[in-house]
Amino acid sequence: MTEPGATTAAELPKAYRPSAVEGPIYERWLAADVFAPDGAGATAGPDAEPFTIIQPPPNITGSLHLGHAQRAAVEDLMIRHARMRGRAALFLPGLDHASIAAQFVLDRIIAKDGQSRQSLGRERYLERMQAFVAETREVILGQERRLGASLDWGRLRYTMDEGSAKAVRVAFKTLVERDLAYRTEALVNWCPGCRTSVSDLEVVSTPETGTLWSIRYHLIDEATGEPLPDETVTVATTRPETILGDTAVAVHPEDERYRDIVGRRVRIPFVERDVPVIADDVVERGFGTGALKITPAHDHDDHATGLRHGLSMPTILDDAAAIANTGTRFDGLDRVAARAAILAELATRGDLAGEKAHEMVLGRCERSDDVVEPRLKTQWFVRARPLAEAALGATRSREIRIVPDRFEKMWEHWLTNIRDWNVSRQLWWGHRIPAWYCPDGHVTVSSELDGPSACETCGGPASELAQDQDIFDTWFSSGLWPFSTLGWPDDRADLRRFYPTSVLETGWEIIFFWVARMVMLGIELTGRPPFHTISLSGLIRDPEGKKMSKTKGNVVDPLAVMEEAGADALRFALIHGASAGQDQRFGPQKLELARNFANKLWNAARFVIGARPAGVAADAARVEPDESLLGPAERWIRSRAAATTEAVDRGLADYQFGEVTRALYDGIWSEFCDWGIELAKVRLADEEASSEERAATWWTLVDALDRYLRLLHPVMPFVTEAIWDALPRRDGDPELLIVAAWPAPTGRDSAAEGGVGALLDLVRGIRNARADAQIAAGSWLAVDVVVPNAMAAAAEALAPALARLARAKPLVLHRERPAFTGATAGRRGLAVIVGELEADVALPEAAANDGGAEGGAGDRTRLEKELAEAEGHLAAARARLANEAFTSRAPAAIVDGARTSEAELTEQVERLRARLGA
RNA sequence: GGGCGAUUGGCUCAGUGGUUAGAGCACGCGGUUCACAUCCGCGGGGUCACUGGUUCGAAUCCAGUAUCGCCCACCA
């Protein structure tokens with residue numbers, strides 16, 4: 001432990017090697033126990049205001065991709081900021097059992113050994129899954145650590161752990177009791193590949209070119225009961241195999257063509273079933289033939305029609321989507337083979353009336369890409385309407401804010417059109433539905449671990465009860481995540497302290513799968529919205545803007561990136577490129593920018609540490625530099641650090657994290673390094689400055705660097721921690737930056753910013769003129785500077801620094817333009833006019849003798865260009881002020897600004913003209 | 001079919017009403033001075049997709065158009 005006020009003596013290695021720095025630092029954080037809000041190293045007390053980030057628990061069988069990395073970076077940024085602000089910051093790590101996704105992965109693995117789900121059986125399959133998951137679970141957690149995520153590992157949770165299991169049972173029972181969950185026979189989306197039903201969300205609409213076949217059905221001769229060879233009605237279908245499940249033909253009630261046959265019957269081929277011709281206005285007269293075959297068990301529209309007309313609903317597909325139970329020779333044939341066989345047979349019979357290409361939309365399984373078949377099944381559903389109403393209420397009342405707010409429209413649309421949520425899955429890996437059925441078919445739902453002791457309805461003994469074979473949709477347990485992880489349904493201290501949580505951060509692509517369900521279930525089950533802010537990030541795309549995917553081969557491995565450029569660089573790059581909810585392209589340039597930035601900071605820190613004046617002991621206690629010893633440069637440095645602090649605070653408050661990194665990049669590089677350090681170097685090396693003054697300058701640098709490190713820490717935790725370790729501490733500072741206090745934006749100084757800013761502009765002007773005149777970069781030239789009274793003191797104090805930065809020797813300050821009587825001593829020079837300042841730069845002898853006019857032709861061209869520009873701006877300013885509407889209607893501050901600007905431009909134009917002799 | 005987003009320098013993107021639109025990369029010129037060549041200095045480069053409107057003032061707000069991308073959708 002560092003003694004208060006003492007400095008550590010750590011030296012920064014010359015070269016910045018992120019991979020060498022990052023590992024040990026994470027270990028130090030772990031050892032210090034600073035991640036937990038109540039850990040040994042935590043600075044927030046038990047009464048501190050809590051702040052909780054909900055992160056999407058990654059798939060247990062998964063590994064880190066850039067999307068994870070980006071979210072983790074943003075989440076960790078928020079949590080570190082809150083922690084430094086002294087809040088009880090909880091960042092809870094977790095894993096999702098990812099039911100269907102995990103089964104999909106395992107199925108492929110066991111397939112290599114010639115095994116399958118069916119061949120293993122439920123019990124052995126689940127054993128296999130447990131073993132598999134035990135292997136994979138550390139992978140993603142290790143990657144999160146590598147990224148620097150300050151997750152509270154002691155609270156690690158898992159959607160298949162006991163706590164989650166209990167939450168699932170209690171949640172479900174509660175929903176059933178409130179009539180918000182029910183069991184019914186309904187059309188579900190069946191994926192033959194996954195052998196389970198899936199929710200509407202998991203069905204992906206894919207436009208495809210299919211075929212629309214026209215098929216003749218023969219009308220029945222009611223006298224004989226036999227089909228008439230020549231009297232037919234032609235239906236159009238894209239799925240001929242569903243003929244086997246047809247129980248009606250529908251036409252539009254007002255369709256003249258078919259008026260006469262409504263009420264008659266047609267014979268369905270193969271199944272030889274006679275079905276009625278019905279009238280229903282679902283039929284679009286202009287489509288196909290205007291006659292629609294009705295397959296109530298395998299089509300959503302047809303199902304509705306079937307219900308309206310009391311049609312029978314035979315199911316003709318089995319779990320693998322092979323034809324079944326039709327009593328035809330097609331039974332056992334796969335749907336694709338059956339289609340071909342049926343078409344061939346129809347053609348033979350002469351009942352295939354035609355076919356044509358048809359643009360249509362097919363529902364495919366998000367997971368397996370199989371064509372989803374609607375099928376009648378008895379399953380559990382969650383009643384979505386009332387839950388959605390409450391969720392909408394929460395966003396409408398602003399109890400929950402969505403960032404960026406444009407996603408609220410999506411949110412509104414989806415929740416207002418929501419359909420009941422099918423939660424039954426015919427899978428094995430997941431939470432078994434806690435419903436038991438007695439031999440009489442009574443249903444008992446229990447939240448007890450061992451199930452009910454008897455049938456709730458008839459009292460039948462537990463031994464005769466059979467539990468539902470199905471498991472829950474994986475998102476059902478995920479939907480309980482914000483509170484199940486804190487101990488719900490038990491009344492735990494964590495739940496009381498951290499719920500409702502603060503911010504949910506995730507990608508917008510799972511807003512419905514996950515976010516909406518958490519909000520719906522959270523409000524219903526806990527009575528409160530689970531968080532106050534939903535922060536949505538965009539997708540990471542490849543440099544061409546394409547989605548990254550393994551099949552495209554354009555995925556970037558975050559681990560490889562971190563090995564090469566460092567976790568800090570990756571985090572910075574991902575956050576820097578992000579704009580709320582907007583997708584971003586990610587490529588090597590962004591990473592390079594971030595790595596260079598880290599390197600720059602490292603080297604700046606090495607300079608600061610190495611620049612300690614002799615008068616300051618290596619272990620000197622950190623002191624606030626004496627105000628009276630600060631020069632304009634020191635005040636400017638301090639003020640700019642304060643300005644950056646303000647900008648960072650603003651960005652954080654608005655969830656504009658890209659703004660945060662931009663402010664830091666500019667503040668640290670373009671201001672602190674480019675000017676602050678360069679200005680400070682001069683006084684640090686100035687023999688004439690007192691040792692107290694030099695110390696004050698150094699402490700100013702230390703102070704500014706310290707502030708930048710704190711501000712940058714949430715984004716680049718490793719490099720900032722490493723550097724901070726080598727800096728003297730303040731009284732009361734902890735040992736580690738991760739728990740150090742967030743800086744306050746103190747020290748703004750507009751006088752220093754204005755004065756020093758103008759002088760720096762002059763330096764830029766002189767450099768510009770020199771470069772323009774092609775003067776050797778290394779040469780030192782005599783310079784006269786004319787400084788107005790108001791800036792005299794600052795200029796005086798900064799003269800040595802200006803001289804160095806502008807390579808001026810000698811540099812002479814004047815109150816009035818000396819007309820070549822100063823340092824330039826009558827030689828022809830370059831004229832520099834910047835704002836209120838003016839300078840003459842003496843040319844080397846050779847160059848001076850070349851030019852005809854003052855400063856040579858090149859200089860004249862430059863000044864003319866500047867004059868033209870200034871005149872243009874002046875004209876614009878005057879025109880604006882001449883406009884009565886502007887002066888009367890624009891705010892006073894704007895008008896005043898325009899007047900000031902006009903005055904300054906007038907003066908500048910005059911001076912430029914004088915120089916040009918115009 | 002409905003909805004959303006994007007369109008700013010060669011490239012990638014910031015910038016939601018206020019004077020002269022920024023950055024990084026790329027490009028050109030010049031730099032081995034003791035923090036940094038993963039660097040330093042200087043520069044060129046944009047009628048802010050288009051049309052109209054609101055306003056004293058528009059890249060920014062409104063309406064429409066175009067192109068690209070995405071989401072949602074049970075017409076066989």
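Side-chain atoms are counted along with the backbone in the values below, which use heavy atoms only and exclude waters and symmetry mates. Quick note on labels: first sequence line is chain A, next is B, and so on, each numbered from 1.
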For the pair made of [atom1] in [X] and [atom2] in [N], what is the distance, rounded to whole Å?
| X | N | atom1 | atom2 | value |
| --- | --- | --- | --- | --- |
| A:Glu659 | B:G22 | CD | P | 15 Å |
| A:Asn603 | B:C36 | CG | C1' | 4 Å |
| A:Arg585 | B:A14 | CZ | C1' | 15 Å |
| A:Arg606 | B:C36 | CZ | C1' | 7 Å |
| A:Ile243 | B:A76 | CD1 | C1' | 13 Å |
| A:Phe886 | B:U19 | CZ | C1' | 8 Å |
| A:Glu592 | B:A26 | CD | C1' | 12 Å |
| A:Glu869 | B:U20 | CD | C1' | 7 Å |

Measuring only the [atom1] atom in each nucleotide, how far is [N] from [M]? A whole number of Å is fine.
| N | M | atom1 | value |
| --- | --- | --- | --- |
| B:C50 | B:A59 | C1' | 14 Å |
| B:G69 | B:U55 | P | 38 Å |
| B:U32 | B:C40 | C1' | 12 Å |
| B:U54 | B:U12 | C1' | 34 Å |
| B:G28 | B:G18 | P | 37 Å |
| B:C36 | B:G41 | C1' | 15 Å |
| B:A14 | B:A21 | C1' | 11 Å |
| B:U16 | B:G57 | C1' | 16 Å |

Taking only side-chain N and O atoms of [X], does any of them lie within less than 4.0 angstrom of OP1 or OP2 on [N]?
| X | N | result |
| --- | --- | --- |
| A:Lys681 | B:A35 | yes |
| A:Arg595 | B:U38 | no |
| A:Asn768 | B:G43 | yes |
| A:Trp669 | B:U38 | no |
| A:Arg880 | B:U20 | yes |
| A:Asn596 | B:C39 | yes |

Pick base, sugar-phosphate or nothing for [X], based on heavy-atom distances below 4.0 Å to the nucleic acid.
| X | result |
| --- | --- |
| A:Trp508 | sugar-phosphate |
| A:Arg770 | nothing |
| A:Ser901 | base |
| A:Glu408 | nothing |
| A:Gln584 | nothing |
| A:Tyr665 | sugar-phosphate |
| A:Pro374 | nothing |
| A:Arg285 | nothing |
| A:Lys809 | nothing |
| A:Arg17 | base |
| A:Gln582 | sugar-phosphate |
| A:Gly897 | base |

The side chain of [X] is closest to which nucleotide in this list: [options]?
| X | options | value |
| --- | --- | --- |
| A:Ala236 | B:A6, B:C4, B:A76 | B:A76 |
| A:Asp299 | B:C29, B:A76, B:U20 | B:A76 |
| A:His358 | B:A76, B:C4, B:A35 | B:A76 |
| A:Asp674 | B:G41, B:C71, B:A35 | B:G41 |
| A:Met410 | B:C39, B:C71, B:G41 | B:C71 |
| A:Ile894 | B:G18, B:C13, B:G5 | B:G18 |
| A:Ala777 | B:G30, B:A35, B:A6 | B:G30 |
| A:Asn599 | B:A76, B:U20, B:U38 | B:U38 |
| A:His413 | B:G5, B:C72, B:C74 | B:C72 |
| A:Ile677 | B:A35, B:A76, B:C40 | B:A35 |

If you take atom types as modelled and just measure distance, does the side chain of [X] reach the base of [N] with a donor-acceptor pair under 3.5 Å?
| X | N | result |
| --- | --- | --- |
| A:Lys600 | B:C36 | yes |
| A:Lys14 | B:A35 | no |
| A:Gln656 | B:A14 | no |

**OP:** Between A:Lys409 and A:Leu593, name the one whose nearest nucleotide on RNA chain B is closer to the 5' end.
**Re:**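 On the 5' side of the pair lies A:Lys409.
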Original post:
Where each residue is assigned the nucleotide of RNA chain B containing its nearest heavy atom, which of A:Pro543 and A:Ala291 is assigned the position nearer the 5′ end?
Top reply: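 Closest to the 5' end, via its nearest nucleotide, is A:Pro543.
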Check this for me: does any side-chain nitrogen of one of [X] and [Y] sit under 4.0 Å from a carboxylate oxygen of the other?
| X | Y | value |
| --- | --- | --- |
| A:Asp255 | A:Arg285 | no |
| A:Arg764 | A:Asp761 | yes |
| A:Arg419 | A:Asp200 | yes |

Subject >> Trace of the side chain to side chain donor-acceptor pair (under 3.5 Å) decision for A:Thr209 with A:Glu359 >> reply: CA-CA 5 Å; A:Thr209 304; A:Glu359 296 306 319; 2.9 Å; yes
Original post:
Is there a side-chain contact between A:Thr887 and A:Glu884, using heavy atoms and a 4.5 Å cut-off?
Top reply: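 Yes, at least one pair of side-chain atoms sits under 4.5 Å.
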Subject >> Any donor-acceptor N or O pair under 3.5 Å, side chains A:Asp280, A:Thr305 >> reply: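 Looking only at side-chain atoms, A:Thr305 and A:Asp280 do not form any donor-acceptor pair under 3.5 Å.
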**OP:** Tell me, please, whether A:Phe607 has A:Lys681 positioned over its six-membered ring: NZ or CZ under 6.0 Å from the ring centre and within 45 degrees of its axis?
**Re:**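 Yes, cation above the ring, under 6.0 Å and within 45°.
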Subject >> Among A:Tyr665, A:Trp602, A:Tyr16, ring-ring contact (aromatic ring centres under 6.0 Å, His included) partner for A:Phe597 >> reply: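 Of the listed options, the one satisfying the test is A:Tyr665.
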Subject >> Qualifying residue for side chain to side chain contact (heavy atoms under 4.5 Å, CB included) with A:Ser19, from A:Met562, A:Glu564, A:Glu563 >> reply: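 So the option named by the test is A:Glu563.
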Original post:
Taking any strand in view, what nucleotide pairs with B:C36 in a Watson-Crick or G-U wobble way, both distances under 3.5 Å?
Top reply: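 By the stated definition (distances under 3.5 Å), nothing pairs with B:C36.
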Original post:
A:His252 and A:Phe287: aromatic ring centres closer than 6.0 Å?
Top reply: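 So the answer is no for these two rings.
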